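Inspection log for the structure reproduced underneath, given as C-alpha cells.
Keep in mind that what you see is a predicted model, and the values were worked out from it rather than measured. We number each residue from 1, following the sequence as shown.
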Amino acid sequence: MVRTSPKRVLMVAYHFPPLAGGSGILRTLGFARHLPDCGWQPLVLSPAPLAYAQRGDAQLAQIGAQATVRRTLALDAARHLAIAGRYPRCLALPDRWSSWWLSAVPAGLRMIRQYRPDAIWSTYPIATAHLIALTLQKLSGLPWIADQRDPMLDDSDPLAPYPPEARLHRMHAWIEQRIAARSTAIVCTTPGAIDAHQRRLGQVARERFHLIENGYDEDGYADSPERTGQRSRFQLLHSGVIYPSERDPHPLFEALAKLRHDGVLHAHNFQLVLRATGHDAWLARLLVKYGIADLVSLEPLQPHGAALQEMLAADGLLLLQAANCNAQIPAKLYEYLRCRRPILALTDLAGDSAAKLRHCGIDTIGQLASSGDCARALLRFLELARQGRAPLASPAAIDLQSRQARSNALADLLDQVSHRRTA
C-alpha cells in the first residue's frame with residue numbers, strides 16, 4: 001500500500017537506545033526505523049539515559065533520521081532512590097521507573113501540540129509506558145494502540161501467579177482493565193498471548209486484538225562470516241538470558257552429564273556456549289554440580305552486531321523455553337531463523353515456540369522438562385547437523401519474519417485506527 005502523506009505516531013517506550021542489553025529495544029527500534037517507509041513518522045518518547053543501568057551507543061546510529069526523539073527524566077527507584085539498598089515499595093509501582101510519568105506526560109502533551117500525531121502507541125513490559133499513554137490518551141482523545149507483547153498477568157497456576165507480589169498483581173490488573181477500557185487496539189506477539197488476554201478480558205471484542213510478532217532486522221546480516229567447513233568440536237550456541245524458571249537448564253545439564261558419562265560427548269567433540277545468560281554465577285555452580293564445566297562455556301554480553309555474527313558462525317543454535325512460557329516466543333527465535341543455522345529447541349511441544357518452528361519446517365525439538373528427551377533430541381540434532389540434513393526455514397518463510405514486514409503490519413493497524421477516528 002502506498003501512502004503519500006506521512007502521518008505521525010507518538011511512541012512511548014522505555015526500551016530504546018542507549019539502553020544496552022536484551023532484545024526489548026529491538027522492537028521499538030525496528031518500528032522507528034521502518035515506519036517512515038510505510039508513510040508514518042515516529043515521535044519517540046523515552047527516558048533519559050540516566051534511567052538505564054546498562055548503556056551503549058552502538059545502536060544510536062540505527063535510529064532513523066525521520067524519527068523525532070524526546071527523552072525525559074526517569075529515576076530508577078532501586079539505584080537512585082534507595083537508602084542503604086532499601087526504598088519504599090510504593091516508589092516502584094508498577095515498576096521501578098514510575099517517576100518517568102511525572103516528566104513524560106508534560107513532554108508528551110507538548111509533542112502532541114507541536115506535531116499533532118494521529119495516534120499513540122506504547123509498549124510493555126515497563127508498565128509505566130502504558131500509564132503515560134493512558135494519561136495522554138485521556139487528555140488528547142487520540143486513538144491508542146497498547147503493545148502488550150506478552151501478558152501482564154498470569155493466573156493459570158493459582159499457586160504461582162504472575163506477578164507473585166499481591167500489590168503488584170493488583171496494579172497490573174488495574175492497568176490491564178484500563179487498557180481494555182481506553183485503548184483502540186491491543187497488540188500481542190503470540191497467539192497464546194492473545195488467548196490469555198481474551199480469557200481475562202471477555203468484554204473486549206476479538207477484533208480489537210492484533211498479532212504482530214517480533215522479528216529480525218536484515219541489516220545485521222549484511223556481512224555474514226564465511227564458513228570454512230565443519231569444525232571437529234561441534235559448537236552449540238545459546239545467545240541470551242537463561243531464566244532460572246522460564247528456561248531452567250537443569251534437565252539439559254543432566255542430559256549432558258549422562259551423555260558424557262556414556263562417552264558420547266566429550267570436550268574434544270562438543271561445546272555448548274552460553275552467551276550473556278544474566279545468571280553466570282548460578283550457572284557456574286550448576287556446571288560444577290553436574291561435572292560438565294569442560295563442555296559448557298559461559299561468555300559475557302557483547303554488542304548486538306557481534307552476537308549476530310557469532311550466531312551465523314555457530315554449528316547450531318539452542319533455544320530454551322519452559323512450559324510456563326508456552327504463550328511466549330523468545331525474540332531470538334526470529335534471529336535464529338534468519339541465520340539459517342540448525343536450531344535445537346528444548347521447549348514444550350504444546351507451546352507457541354514449538355508451533356512457530358514447526359510452521360517454518362523445523363522439527364528438531366525436544367521437551368525441556370525431561371532430561372531423557374533432552375538427550376534424545378540433542379543426539380538426533382547432532383547427527384542431522386553433522387550430516388548437513390538439519391531442517392532450515394525456507395527463504396520465503398524467513399522473509400515473513402523481518403521487522404520490515406512487522407512494521408508494514410503496524411502501519412496497516414495505524415491506518416485503521418486513525419481512519420476510524422476521522423471517519
Does the pair Leu368 and Asp248 meet the rule for a side-chain contact (heavy atoms from CB on, under 4.5 Å), with working shown?
CA-CA 8 Å; Leu368 177 58; Asp248 182 3; 5.5 Å; no
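- At least one donor-acceptor pair under 3.5 Å links the side chain of Arg55 to the backbone N or O of Pro49.
- Put simply, CZ on Arg70 and OG on Ser46 are 11.0 Å apart, with the number rounded to the nearest 0.5 Å.
- Within the 4.5 Å cutoff, the side chain of Met11 has no heavy atoms near those of the Ser122 side chain.
- Arg89 contributes a side-chain N or O that, together with a main-chain N or O of Ala92, makes up a donor-acceptor pair within less than 3.5 Å.
- Considering every non-hydrogen atom in both His279 and Ile242, the closest pair reads ND1-O, 3.1 Å.
- The structure places CG of Leu60 at 5.0 Å from CG of Asp57, a figure rounded to the nearest 0.5 Å.
- Between Leu295 and Leu256, the closest heavy-atom pair is CD1-O, 4.2 Å.
- Looking at Ser370, its side chain never comes within 3.5 Å of a backbone N or O of Gln367 through a donor-acceptor pair.
- Proximity of a side-chain donor or acceptor of Arg233 to a complementary backbone N or O of Ala267 within less than 3.5 Å is detected.
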Taking it one step at a time, do Asn214 and Arg27 satisfy side-chain hydrogen bond (donor to acceptor under 3.5 Å, both in side chains)?
CA-CA 7 Å; Asn214 286 309; Arg27 185 171 176 87; 3.1 Å; yes
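- Separation of atoms CG (Leu274) and CG (Leu237) is listed at 8.5 Å; rounding is to 0.5 Å.
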Verdict with supporting geometry, Glu213 and Thr190, side-chain contact (heavy atoms from CB on, under 4.5 Å)
CA-CA 6 Å; Glu213 299 179 52; Thr190 67; 6.0 Å; no
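- Checking side-chain atoms of Asp262 against main-chain N and O of Val264 turns up no donor-acceptor pair under 3.5 Å.
- In summary, Arg380 and Asp363 engage in a salt bridge, as defined by a charged side-chain N under 4.0 Å from a carboxylate O.
- Two residues are said to be in side-chain contact when any heavy atoms from C-beta on lie closer than 4.5 Å; Leu43 and Gln41 meet this criterion.
- Between the side chains of Ser183 and Arg178, no donor-acceptor pair of N or O atoms lies under 3.5 Å.
- How far CG of Asn408 is from SG of Cys38: 4.0 Å, rounded to the nearest 0.5 Å.
- Closest heavy-atom contact between Pro47 and Ala74: CB-CB, 3.8 Å.
- Distance CG/Leu153 to NE2/His169: 4.5 Å, rounded to 0.5 Å.
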Does the side-chain hydrogen bond (donor to acceptor under 3.5 Å, both in side chains) test come out yes or no for Glu299 and Ser297, once each step is laid out?
CA-CA 6 Å; Glu299 301 297 338; Ser297 172; 2.3 Å; yes
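- Using a 4.5 Å heavy-atom cutoff, the side chains of Pro249 and Trp282 are in contact.
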Show your reasoning for whether side-chain hydrogen bond (donor to acceptor under 3.5 Å, both in side chains) applies to Ser402 and Asp217.
CA-CA 6 Å; Ser402 71; Asp217 206 307; over 6 Å; no
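- A heavy-atom distance below 4.5 Å is found between the side chains of Gln177 and Gln203.
- Between Arg199 and Asp195, none of the side-chain N atoms (NZ, or NE/NH1/NH2) sits under 4.0 Å from a carboxylate O, so this pair counts as no salt bridge.
- For the 3.5 Å distance criterion, the side chains of Glu310 and Gln302 qualify, holding a donor opposite an acceptor.
- The shortest distance between side-chain heavy atoms of Arg340 and Ile398 falls below 4.5 Å.
- Here the closest non-hydrogen pair linking Gln59 and Leu26 is NE2-CD2, 3.1 Å.
- For the 3.5 Å distance criterion, the side chains of His172 and Glu165 fail to qualify, holding no donor opposite an acceptor.
- Side chain of Arg8 to main chain of Trp40: no donor-acceptor pair is present (N/O by atom type, distance under 3.5 Å, no hydrogens or angles).
- Between Val12 and Thr123 there is no side-chain heavy-atom pair separated by less than 4.5 Å.
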Candidate pair Glu218 and Arg403, rule salt bridge (charged side-chain N to carboxylate O under 4.0 Å, His left out), full reasoning
CA-CA 8 Å; Glu218 184 62 35; Arg403 293 201 184 273; over 6 Å; no
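- The existence of a salt bridge linking Arg200 and Asp155 is excluded, since no basic side-chain nitrogen approaches an acidic carboxylate oxygen closer than 4.0 Å.
- Counting only residues at least two apart or on different chains, the side-chain hydrogen bond (donor to acceptor under 3.5 Å, both in side chains) pairs with a member in residues 91-100 are Thr72-Trp100, Asp76-Arg96, Asp95-Thr128.
- Checking each of Leu10, Val187, Thr28 against Trp121 for a side chain to side chain contact (heavy atoms under 4.5 Å, CB included) leaves exactly one that passes, namely Thr28.
- Heavy-atom minimum distance, Arg149 versus Pro125: NH1-CD, 4.1 Å.
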Using the side-chain contact (heavy atoms from CB on, under 4.5 Å) rule, take Ile179 and Trp144 through it: C-alpha gap first, then chi angles, then the decisive distance, then the call.
CA-CA 9 Å; Ile179 290 171; Trp144 169 32; 3.7 Å; yes
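- Salt bridge Asp294/Arg260: present, at least one basic N to carboxylate O contact under 4.0 Å.
- Nearest heavy atoms, Thr347 versus Ala354: CG2-CB, 4.1 Å.
- The closest side-chain donor-acceptor pair between Arg247 and Gln321 falls under 3.5 angstrom.
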Between Tyr52 and Tyr14, does the ring pair (Phe, Tyr, Trp, His ring centres under 6.0 Å) criterion hold? Intermediate values first, please.
CA-CA 9 Å; Tyr52 305 133; Tyr14 170 89; 5.1 Å; yes
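- Within the 4.5 Å cutoff, the side chain of Asn269 has no heavy atoms near those of the Phe234 side chain.
- Between the CG atom in Leu168 and the CE atom in Met152 there is a gap of 8.5 Å [rounded to 0.5 Å].
- Within 6.0 Å of the NE2 atom in His266, the count of heavy atoms belonging to other residues, nucleotides or ligands exceeds 12.
- Looking only at distances, no side-chain donor or acceptor of His268 sits under 3.5 Å from a matching main-chain atom of Leu265.
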Chi angles and distances behind the side-chain contact (heavy atoms from CB on, under 4.5 Å) call for Thr135, Trp101
CA-CA 9 Å; Thr135 308; Trp101 185 93; 2.9 Å; yes
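- Using a cutoff of 4.0 Å between basic side-chain nitrogens and carboxylate oxygens, Asp219 and Arg33 are scored as salt-bridged.
- No more than 12 heavy atoms of other residues, nucleotides or ligands shown are found within 6.0 angstrom of CZ on Arg86.
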side-chain hydrogen bond (donor to acceptor under 3.5 Å, both in side chains) between Asp412 and Gln416, intermediate numbers included
CA-CA 6 Å; Asp412 288 340; Gln416 292 176 33; over 6 Å; no
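- Using a 4.5 Å cut-off on side-chain heavy atoms (C-beta onward), His197 and Pro151 make contact.
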